[in-house]
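Worksheet for the structure shown next.
The figures that follow rest on heavy atoms only: side chains count, while hydrogens, waters and symmetry mates do not. For ligands, and for the atoms within them, numbers begin at 1 and follow the listed sequence.
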Amino acid sequence: MNTNSLSPADSQILADLLAQVKENTQNFMGYPVSKDFDFEELMPFLSYPMNNLGDPFVASTYAVDSREMEREVIQFFASLFRANDDDWWGYVTNGGSEGNLYGLYLARELHPKAMVYYSESTHYSVQKNLHLLNMPNIVISAQANGEIDYHDLENTIGMNRQTPVIIMANIGTTMTEARDDIAKIKAILKKLAIKNYYIHADGALSGSYSAFIEPRPAFDFADGADSIAISGHKFFGSPMPCGVVVVKKSNRNRIARSIDYIGSIDTTITGSRNGHSPLFLWYTLKKHGIEGLKKRAQHSLAVAEYALAKFKEIGLAAWRNPNTITVNFPEPDLAIRQKWQLASENGWSHIICMPNVQREHIDELVKELSLVTV
Ligand SMILES: *Cc1c(COP(=O)(O)O)cnc(C)c1O
């Protein structure tokens, strides 16, 4: 037993941090992070050095892991995203950005000479990933609601018809949660007779619950996506950032390399991989089940609708994309933005009605907003 303990001063620092984290978690509506989770049952696992290094579907000599749960999580999403029965594979990532990096990496291995197209509303991490992968790319303009401009996409691809195409589609942009329509994008590729292409769906927030919406947005494998990345800490909720990427198994096989040292196959991006996060995701999926998750989505959509109506009532030029949980409104005072941790861009702010957000929170925010607007 280790008898070392923190000095009183360091214990105080820790206690202060805990108080600050608690306080700051209470009031935020500006970032897509669910906070209604309880993982008490999983606490004993924090005493073990869990690590899922290597491929989740291939056993490793390192056996303190949660690979079995990780496989179940991937299977759940492969089925939710309508992947072909025998042609799916994936892993639990460190977040949506790693899933996007993985999708682009696979796409580049399949089409080394391709041009990448993505809209100007794309998450900032995508440009960094393209830089890391050294992939040539063209930014396409976005419509006012944040969705990709299909005319610009068609014209731009049309000018480069000899080049294979990689599309990074947004299933819910960061600021306005706009969804690019994968069916429309496929139709453009068909019209231009592009033979070699790859479509990756960045579904960080919105892809996590789009399968529960009617009419179902065109975002998954059945609609034409070749890979999909989501974040695990956004809609589902997790104490640590995590995510899921699902790809076609046939594509993944092209990059697999066998590594003696770990007794597994190296198909993922990092070496060591979080062995706890798959367990947290698995627990969440088991606890809620499909019906519970559907209810969470419906709750969020209803609260977003409520918020939009309330904002309009006090005269704000608020709006939202159909079937999304993000409500946009003109950027309020700094004090309000700071209190509720509201992200802003080009004079607009938004709240994101994550499953933990209730009508009372909206009422409180609206009350504060109305005090400064009159
Ligand atoms: C949050 C987000 C990301 C990044 O995901 P992380 O899980 O934070 O790495 C990428 N794309 C979009 C649209 C996002 O909203």
- prompt: Can you check whether Arg254 reaches Glu109 side chain to side chain, under 4.5 Å on heavy atoms?
  reply: no
- prompt: What protein heavy atom sits nearest atom 2 (C) of ligand 1, and how far off is it?
  reply: Lys234 NZ, 2.4 Å
- prompt: Between Tyr209 and Lys294, do the side chains contain an N or O donor and an N or O acceptor separated by less than 3.5 Å?
  reply: no
query: Should you measure from each heavy atom of Ser97, which atoms of ligand 1 turn up under 4.0 Å away?
result: 4 (C), 5 (O), 6 (P), 9 (O)
Test side-chain hydrogen bond (donor to acceptor under 3.5 Å, both in side chains) applied to Tyr91 and Glu98, Arg252, Glu70, Arg67, the passing residue: Glu98
message: With a cutoff of 4.0 Å, is Asn170 in contact with ligand 1, counting heavy atoms of the residue only?
response: no
message: Counting C-beta onward and ignoring hydrogens, is there a side-chain heavy-atom pair between Ser60 and Leu53 closer than 4.5 Å?
response: yes
- request: Please work out whether the ring planes of Tyr102 and Trp89 are parallel, tilted or perpendicular, with thresholds of 30° and 60°.
  value: tilted
message: Using a 3.5 Å distance criterion without hydrogens, assess whether the side chain of Ser34 forms a donor-acceptor pair with backbone atoms of Lys234.
response: yes
Ligand-side contact atoms (ligand 1) for residue partner Gly96, heavy atom cut-off under 4.0 Å: 5 (O), 6 (P), 7 (O), 9 (O)
field: Atoms of ligand 1, numbered as shown, that sit under 4.0 Å from any heavy atom of Gly172
entry: 13 (C)
- prompt: Applying a 4.0 Å heavy-atom criterion (strictly less than), which segment of Glu98 is in contact with ligand 1: side chain, backbone, both, or neither?
  reply: neither
query: Could an N or O of ligand 1 be found under 3.5 Å from any N or O of Thr173, whether backbone or side chain?
result: no
- prompt: So do Asn52 and Tyr62 actually touch side chain to side chain, heavy atoms under 4.5 Å?
  reply: no
- prompt: Quick one: are Ile199 and Ile182 in side-chain contact, heavy atoms under 4.5 Å?
  reply: yes
message: Within the 4.0 Å heavy-atom shell around Ser231, which atoms of ligand 1 are there?
response: 5 (O), 6 (P), 7 (O)
- prompt: With a 4.0 Å heavy-atom cut-off (strictly under), which part of Leu205 contacts ligand 1: side chain, backbone, both or neither?
  reply: neither
query: Which residue owns the protein heavy atom closest to atom 8 (O) of ligand 1, what's the atom, and how far is it?
result: His233 NE2, 4.0 Å
query: Which residue owns the protein heavy atom closest to atom 11 (N) of ligand 1, what's the atom, and how far is it?
result: Asp202 OD2, 2.6 Å
